[in-house]
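Everything below concerns the one structure shown next.
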Amino acid sequence: MFQESAPLILRGFQVYKTFLGTDAQQILLGQLREVARVAPVFTPQLASGRKMSVRMTSAGDVGWFSDVNGYRYIEEHPSGTAWPDIPQSLLDLWDVVSGCRRRPDSCLVNFYGEDARMGMHQDNDEADLTCPVVSVSLGDDALFWVGGTARGGKTESIWLNSGDVVVFGGDVRLAWHGVDKIRFRSSGLLPKGGRINITLRVAR
Ligand SMILES: O=C(O)CCC(=O)C(=O)O
Ligand SMILES: [Fe+2]
């Protein structure tokens with residue numbers, strides 16, 4: 001099911017190139033469409049009042065959310081419906097790469113359109129930082145930037161392609177990272193172009 005090989009290491013981030021082959025990517029895309037049918041994507045707002053350029057939704061017990069009151073995990077989709085279950089294929093993927101005995105209870109699904117990006121940040125809203133964040137990329141290529149655990153340090157970048165998996169845990173669990181730009185329509189996976197990034201987290 002997975003195309004396992006030794007990961008590249010970029011500043012402690014483990015990058016598994018093409019961990020999902022084309023068939024597995026299509027299957028996962030279908031499962032994410034089902035997630036988005038139950039829990040439609042929305043545009044989060046930052047505490048500053050600015051809207052994020054990505055659209056997002058979640059699966060799992062809790063979903064990541066942000067509005068003028070700041071970031072947090074919430075137990076229901078903003079519409080009041082329960083978040084759908086995390087697709088089994090992603091739980092299987094987690095078991096293979098995470099090295100963590102706990103299962104993820106939150107799966108954030110970010111959709112990047114042509115001009116979307118994500119500024120440098122740390123993923124530090126989760127309660128259990130002994131487990132890594134596992135990221136899966138689908139669709140268009142993205143320039144992913146990685147820094148250290150201190151703000152404003154040296155950064156390096158790598159292009160993430162459809163099917164790539166990135167694991168960041170241990171010493172780099174709180175490393176700064178972000179997405180500078182996507183290469184719109186570089187992949188044919190999404191008929192209208194764009195990129196999906198999934199992050200699995202142990203949030204509670
Ligand atoms: O889109 C990506 O590759 C990273 C997403 C991310 O850092 C996040 O959702 O916290
Ligand atoms: Fe992140």
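Predicted model, so just to flag it, every value in this text is computed and none were measured. Any value given below was found using the heavy atoms of this structure, including those in side chains, with hydrogens, waters and symmetry copies removed. Remember, it's 1-based here, ligands and their atoms both numbered in the order they're listed.
- Interface atoms of ligand 1 facing Arg195, defined by a heavy-atom separation under 4.0 Å, are 1 (O), 2 (C), 3 (O).
- At a heavy-atom distance under 4.0 Å, no atom of Val133 approaches ligand 1.
- Neither the backbone nor the side chain of Val166 has a heavy atom within less than 4.0 Å of ligand 1.
- The shortest heavy-atom distance from His121 to ligand 1 is under 4.0 Å.
- Crowding of Tyr71 atom OH: a count of heavy atoms from other residues, nucleotides or ligands under 6.0 Å not exceeding 12.
- The Fe ion (ligand 2) lies closest to atom OD1 when only the N/O/S atoms of Asp123 are considered.
- Legend: salt bridge (Lys or Arg N to Asp or Glu O under 4.0 Å) pairs involving residues 36-57, not counting sequence neighbours, sorted by first then second residue: Glu34-Arg37.
- A side-chain donor-acceptor contact under 3.5 Å links Asn197 and Ser135.
- Among residues two or more places apart in sequence or in another chain, the ring-ring contact (aromatic ring centres under 6.0 Å, His included) test is passed with Tyr16 by Phe19.
- Taking a 4.0 Å cut-off on heavy atoms, Arg201 registers as neighbouring ligand 1.
- What sits closest to atom 6 (C) of ligand 1 on the protein, heavy atoms only, is Met118 SD, 3.5 Å.
- For the ligand labelled ligand 1, residue Trp64 lies outside the 4.0 Å heavy-atom shell.
- Pro87 has its side chain within reach of Val35: a pair of non-hydrogen atoms, C-beta onward, lies under 4.5 Å apart.
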